[in-house]
Amino acid sequence: MSRRRGVMSDRLKEEVAKELGIYDTVQQEGWGGIKSRDAGNMVKRAIEMAERQLGDQSEPR
């Protein structure tokens, strides 16, 4: 069974991990070392960032 290719860029994942305070774990143990809850929080935060960016683009200037 093949793994799905990630949608988030490495840069975005690192930025969100730093924001959530889990980047040290990532550096020490890799992405597999983070808790499921933290991974879910990363996805939630990335979605919030994307929605905010889309909202900014749709506003008239």
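For reference, positions follow the sequence shown, starting with 1. Side-chain atoms are counted along with the backbone in the values below, which use heavy atoms only and exclude waters and symmetry mates. No experiment lies behind these values; they were computed from the predicted model shown.
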About how many Å separate OG1 of Thr25 and CG of Leu20, when rounded to the nearest 0.5 Å?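 Here the interatomic distance stands at 11.5 Å.
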Quick one: CG on Leu54 to CE on Met49, what's the gap to the nearest 0.5 Å?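 Rounded to the nearest 0.5 Å, the CG-CE separation comes out at 12.5 Å.
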Check step by step if side-chain contact (heavy atoms from CB on, under 4.5 Å) holds for Ile22 and Lys35. CA-CA 9 Å; Ile22 58 172; Lys35 297 176 182 176; over 6 Å; no
Quick check on the hydrophobic clustering: are Val26 and Val43 connected, directly or via other members, by side-chain heavy-atom contacts under 4.5 Å?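 Not linked; separate clusters.
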Quick one: does Met42's side chain get under 4.5 Å of Trp31's, heavy atoms only?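 They are in contact (side-chain heavy atoms under 4.5 Å apart), so the answer is yes.
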According to the side chain to side chain donor-acceptor pair (under 3.5 Å) rule, which pairs have a member within residues 37-51, sequence neighbours left out?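 Every pair satisfying side chain to side chain donor-acceptor pair (under 3.5 Å) with a residue in residues 37-51: Glu19-Arg45.
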